[in-house]
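Okay, structure first, notes after.
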Protein chains: 2
Amino acid sequence: MLLPVPTYQPKSACSSCNLAEICLPINLSEFETYKLDELSPVKRSFSRSDYLYRSGDKFRSLFAIHSGSFKTQILHEDGREQVTGFQMTGEIIGLDAISTDIHACEAVALEDSVVCELPFNKLEALSREIPTLQRHLHKIMSREIVRDQGIMLLLGSMRAEERLAAFLLNLSQRFAARGLSATQFELRMSRQEIGSYLGMKLETVSRAFSHFQAQGLISVKVRTIEIVNLAGLQACLNSSRS
Amino acid sequence: MLLPVPTYQPKSACSSCNLAEICLPINLSEFETYKLDELSPVKRSFSRSDYLYRSGDKFRSLFAIHSGSFKTQILHEDGREQVTGFQMTGEIIGLDAISTDIHACEAVALEDSVVCELPFNKLEALSREIPTLQRHLHKIMSREIVRDQGIMLLLGSMRAEERLAAFLLNLSQRFAARGLSATQFELRMSRQEIGSYLGMKLETVSRAFSHFQAQGLISVKVRTIEIVNLAGLQACLNSSRS
DNA sequence: CATCATTATTGACATATATCAAACCTGTTT
DNA sequence: AAACAGGTTTGATATATGTCAATAATGATG
């Protein structure tokens, strides 16, 4: 699989914000779980198109997506913007801001969403005390690096339809990891946003969808997608000539 | 500036491998510097085109480039490959492997080079004891994320000549940060490698070089580059229409 | 239900970049 | 010095994707 799929542990009962299970799914001793409460994360709700943070905001916290989904994007001076990712339940957002203490990109809710705010100072302090947590935090950051490099491969060496196939297969896997259908799902983002993420124009995205449908690989009804021929879609990826 | 320029502290005298100054340039107390010796990093030398590590290798250490330069690249099943970065003196390499304990990409020396091997277990243990080091490690990882996202912007929304201009300006800044000339330098990589990194074919890279030269922006003699009109080159970046 | 704004689809055409091929350097080996 | 190999430049042409424009869906609002 081209784009790495972040691990995700399905949540159990979630009283307040069940950190150990949802935000940071790792095995901890009872004592460590107790210590983790010191994070005392706050939950915050967002409506569609609300900003979780904006470019230039002071960095204080990472955010674990509790429900819903977000996009992150970079703005360039000359108005260009690039969607750098779509994040869904259980994924951590805001890692890029650690480097300068200022958010470099902005995060926008794609639907009504709830996030867990994780104050980074506390997270660092705790991860000095709990090696398992420390390692987990490092893995999360490293996984983001791997993900970004996967997108570099996609943007740098794949043609339009291959990119869209990779995108759909990645979404499929991530939905499946959350116990949802791997073959039928609702896109939360516009053609324009998909295009920005995949480095192509919205018309090209639309045409690629139509072509996949004509090939019998998927069924598209605007934002409702059904993958009809999973193997066929995967085959798109390996049919490179470059 | 589009592509972020990693901070770099020029080295002072370097007896063995002056960690605090070169690999991890941070301010530490005398005691902390002493503790840092526990890392007991080993230096290793590489010739041009030697592998520092290969895709699939077990991850044990990060590497700080002491002298020389490397490229990192991902290999895709179907033979495609994508250069994900060019690293030079003082930069840290191998962060992507933390996520799975297996190297996801491979690192190849572009010239004779020396690296400092930093055993990651020891680095983690030490960073639990030295908060400054912990924060520094987090910043290094976050900076890599920001860098990668800058490349996503470049690959996703810039045209060929803009990409090359951004690339040259980024190199220029990184050379300058090392006390070298910002306007005259030697490329360590081939047109092919530049093309892979920037998502374009080597012929397109070559044409873009020629065009810049014809515009009087740079002077190119194969791998020797002189930036004649820095402002003009920067102006290329802002002349988008997309 | 009608209207409006937004988003998506589709077509015709333009263009940036890839592809293929030849010639040209540059440094190395014999 | 000649021959060679790898890298680079340049030209002619092909093609994938962008651009512009019209139409069609979709969902929101009065």
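In what follows, chains are A, B, ... by sequence order, proteins preceding strands, each numbered from 1.
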Quick one: is B/Ser210 getting a side-chain N or O under 4.0 Å of the D/dT10 phosphate, OP1 or OP2?
yes
Could you tell me which residues satisfy side-chain hydrogen bond (donor to acceptor under 3.5 Å, both in side chains) with A/Gln149, sequence neighbours excluded, listed by chain and number?
none
What is the minimum heavy-atom distance between B/Ala182 and B/Ser172, and which atoms define it?
O-OG, 2.6 Å
With sequence neighbours excluded, give me every side-chain hydrogen bond (donor to acceptor under 3.5 Å, both in side chains) pair touching residues 49-65 of chain B.
B/Ser61-B/Glu117
Once salt bridge (Lys or Arg N to Asp or Glu O under 4.0 Å) is applied, what residue pairs with a partner in residues 105-114 of chain A remain, sequence neighbours excluded?
A/Glu111-A/Arg188
Can you check the B/Arg223 CZ to D/dT9 C1' distance for me, whole Å?
14 Å
Per A/Val222 side chain, nearest of listed nucleotides C/dA18, C/dT9, D/dT26:
D/dT26
Work out how much the helix from C/dC1-D/dG30 to C/dT30-D/dA1 bends between its end axes, five pairs an end, to the nearest 10 degrees.
30°
Should A/Glu91 and A/Arg143 count as an ion pair when the cut-off is N to O under 4.0 Å?
no
Take atom CD1 of B/Ile225 and atom C1' of D/dT9, then tell me their distance rounded to the nearest Å.
14 Å
In whole angstrom, give the distance that lies between atom CD1 of A/Ile218 and atom P of C/dA8.
14 Å
Rounded distance in Å - CZ (A/Arg188) to P (C/dT7):
17 Å
Do A/Ile194 and A/Phe209 make a side-chain contact, defined as non-hydrogen atoms from C-beta onward lying under 4.5 Å apart?
yes
May I have the distance from B/Lys201 (atom NZ) to D/dT9 (atom C1'), rounded to whole angstrom?
17 Å
In short, salt bridge (Lys or Arg N to Asp or Glu O under 4.0 Å) pairs touching residues 66-75 of chain B with sequence neighbours left out are B/Lys71-B/Glu193
State which residues pass ring pair (Phe, Tyr, Trp, His ring centres under 6.0 Å) with B/Tyr197; sequence neighbours excluded, sorted by chain then number.
B/Phe86, B/Phe167
For B/Leu155 against A/Leu155, the heavy-atom pair lying closest together
CB-CB, 3.7 Å
I'd like to check the ring pair (Phe, Tyr, Trp, His ring centres under 6.0 Å) partners of B/Phe59; sequence neighbours left out, ordered by chain and number.
B/His103, B/Phe120
Between D/dA24 atom P and A/Lys221 atom NZ, what is the distance in whole Å?
19 Å
Which pairs count as side-chain hydrogen bond (donor to acceptor under 3.5 Å, both in side chains) when at least one residue sits in residues 211-227 of chain A, sequence neighbours excluded?
A/Glu161-A/His211, A/Glu186-A/Thr224
Return the value, rounded to whole Å, for the distance between atom CZ of B/Phe209 and atom C1' of C/dC25.
16 Å
Strictly below 4.0 Å: does A/Ser190 bring a side-chain N or O up to OP1 or OP2 of C/dT6?
no
Between C/dT9, D/dA16, D/dT9, which one does the side chain of A/Arg159 approach most closely?
D/dA16
Rounded at 0.5 Å granularity, tell me how far CD1 in B/Ile227 sits from CG in B/Leu169.
5.5 Å
Whole angstrom is fine here: how far is it from CG in B/Leu187 over to P in D/dG7?
15 Å
For A/Ser181, enumerate each residue passing the side chain to side chain contact (heavy atoms under 4.5 Å, CB included) test, keeping only those at least two apart in sequence or located in another chain.
A/Thr183, A/Gln184
Mind listing the N/O atom pairs, protein and nucleotides 3-6 of chain D, below 3.5 Å?
none

Do B/Thr72 and B/Thr84 get their side chains close enough for a donor-acceptor pair, meaning under 3.5 Å?
yes
Every protein N/O lying under 3.5 Å from an N/O of nucleotides 20-24 of chain C:
residue, atom, partner, partner atom, Å
C/dC20, N4, B/Glu203, OE2, 3.2

Considering only heavy atoms, which members of residues 191-200 of chain A lie under 4.0 Å from some atom of DNA chain C?
A/Arg191
Looking only at side-chain N and O atoms, does B/Thr204 come under 4.0 Å of OP1 or OP2 in C/dA18?
yes
